[in-house]
Amino acid sequence: DDGYASWYSEATPLLAARNLRASIAVIADRVSYSATFMTWDTLRAWNAAGHNCVTHGVRNGLNSLLNYSTIPEMVADATWNRDQIKANGCDVDGSADFYVFPQGEYYTGGAMQDRTLTDALLAAGFKGGRSTILPQAFNSRHHANQAQRMIIPVIGHLWSSTDEAGNIASIIAKIDSCAKYGMSASIVFHQVVASPSTGIQISPANLALILDRIAYWEAQGKMRNVT
């Protein structure tokens, strides 16, 4: 998520070694914002390596679509970010039509069953998405209809200063569960650094453990790596 430069420099070779593909969720006004973030050139190089860019947000440092007052404003933010990805040549086969809900917040008015926002994004041309909020109220096996495909669930990683080994083991167990039961999920990372110190960071070694598990299940025919 977010387009951190370390993801490109550190994760790209790990993915290539396992023949895996991934997507970067782009906040368009954070591209080249500082050396911490990727540039449009590195995002195009990411595409050239076989990976995708998908749409994220929010603009102007906001952290959620719910910072806006109306559905049209929320949709305008999402479409603006998508338009920047397309204008800069980073949309591959419609990848920018996949939306990553900032903070996972896919509904308005406090009701998880509320499809107003997801339906508005579908009407604006988005084809799928993901959310961190559980349970995804109208999401069963994540494939039955378009609304369900807008909120595919996330297996998130947040670095633990006290038990990162247990943290990684928990993520691998969730991957195993997805393979066993045929469920869809998206695994989310942000920064890859040698010595993590904040929640959004993961070490290359631990990222490799997680990627190894995905590659294992793919080789067994129990999981399909798609972006």
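The structure displayed is predicted, hence computed values, not measured ones.
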Treating Ile, Leu, Val, Met, Phe, Trp and Tyr as nodes and any side-chain heavy-atom pair under 4.5 angstrom as an edge, say whether [X] and [Y] lie in one connected cluster.
| X | Y | result |
| --- | --- | --- |
| L62 | V31 | no |
| V92 | M38 | no |
| V26 | Y99 | no |
| L211 | Y8 | yes |
| F189 | L15 | yes |

Just how far is it from atom [atom1] of [X] to atom [atom2] of [Y], taken to the nearest 0.5 Å?
| X | Y | atom1 | atom2 | result |
| --- | --- | --- | --- | --- |
| S161 | L158 | OG | CG | 11.5 Å |
| S186 | D1 | OG | CG | 7.5 Å |
| C53 | N47 | SG | CG | 4.5 Å |
| L43 | I85 | CG | CD1 | 8.0 Å |
| E73 | N67 | CD | CG | 10.5 Å |
| K86 | D83 | NZ | CG | 7.0 Å |

message = Looking at D41 and R44, is there a salt bridge between them, counting it only when a charged N and a carboxylate O are closer than 4.0 Å?
response =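 Yes, R44 and D41 are salt-bridged.
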Minimum heavy-atom separation for [X] to [Y], with atom names?
| X | Y | result |
| --- | --- | --- |
| L20 | H51 | O-CE1, 3.4 Å |
| P102 | G57 | CG-O, 3.5 Å |
| A25 | V100 | CB-CG2, 3.8 Å |
| G156 | I171 | O-CD1, 3.9 Å |
| S64 | V58 | C-CG2, 3.4 Å |
| W80 | A28 | CZ3-CB, 3.6 Å |

Is there a donor-acceptor contact under 3.5 Å from the side chain of [X] to the main chain of [Y]?
| X | Y | result |
| --- | --- | --- |
| E164 | S160 | yes |
| R18 | L14 | yes |
| Q201 | S197 | yes |
| T79 | V75 | yes |
| N225 | R21 | yes |
| T55 | A96 | yes |
| S95 | V54 | no |
| S131 | I151 | no |
| D97 | K127 | no |

request  = Taking atom types as modelled, find out whether D114 and T116 have a side-chain donor-acceptor pair closer than 3.5 angstrom.
outcome  =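 There is such a pair (donor and acceptor under 3.5 Å, judged by atom type) between the side chains of D114 and T116.
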inquiry  = With no hydrogens and no angle check, just 3.5 Å: does a side-chain donor-acceptor pair link H56 and N81?
reply    =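 Judged by distance alone, the side chains do not pair up.
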Can you confirm whether [X] sits close enough to [Y] that some side-chain heavy atom of one is under 4.5 Å from a side-chain heavy atom of the other?
| X | Y | value |
| --- | --- | --- |
| M223 | I175 | yes |
| H157 | I187 | no |
| N206 | S203 | yes |
| W7 | H190 | no |
| W46 | I24 | yes |
| F101 | R130 | no |
| L121 | M74 | no |
| M150 | F126 | yes |

ask   = Where do I200 and D2 land on the side-chain contact (heavy atoms from CB on, under 4.5 Å) test, with the steps shown first?
value = CA-CA 11 Å; I200 64 170; D2 301 346; over 6 Å; no
query = Is the Y4-F37 ring centre distance short of 6.0 angstrom?
reply =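 Distance test on ring centres: under 6.0 Å, yes.
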task = Please indicate whether D163 has more than 12 foreign heavy atoms, meaning atoms of other residues, nucleotides or ligands, lying under 6.0 Å from its CG.
result =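 Count over threshold, so yes.
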N19 atom CG, neighbour heavy-atom count above 12 within 6.0 Å = no
task = Please report the C-alpha distance between T39 and T42 in whole Å, then the side-chain angles of each, then the deciding distance to 0.1 Å, and finally whether the side chain to side chain donor-acceptor pair (under 3.5 Å) criterion is met.
result = CA-CA 5 Å; T39 66; T42 52; 3.3 Å; yes
task = Output, in order, the C-alpha distance, side-chain angles, deciding distance and verdict of side-chain contact (heavy atoms from CB on, under 4.5 Å) for W40 and C90.
result = CA-CA 8 Å; W40 289 115; C90 294; 3.7 Å; yes
Intermediate values then yes/no, side-chain contact (heavy atoms from CB on, under 4.5 Å), V193 and W159 = CA-CA 11 Å; V193 300; W159 175 73; over 6 Å; no
message = For D29 and N60: C-alpha separation, side-chain torsions, deciding distance, then whether side-chain contact (heavy atoms from CB on, under 4.5 Å) applies.
response = CA-CA 7 Å; D29 68 359; N60 302 320; 4.0 Å; yes
task = Check step by step if side chain to side chain donor-acceptor pair (under 3.5 Å) holds for W217 and D176.
result = CA-CA 8 Å; W217 283 118; D176 291 348; 2.6 Å; yes
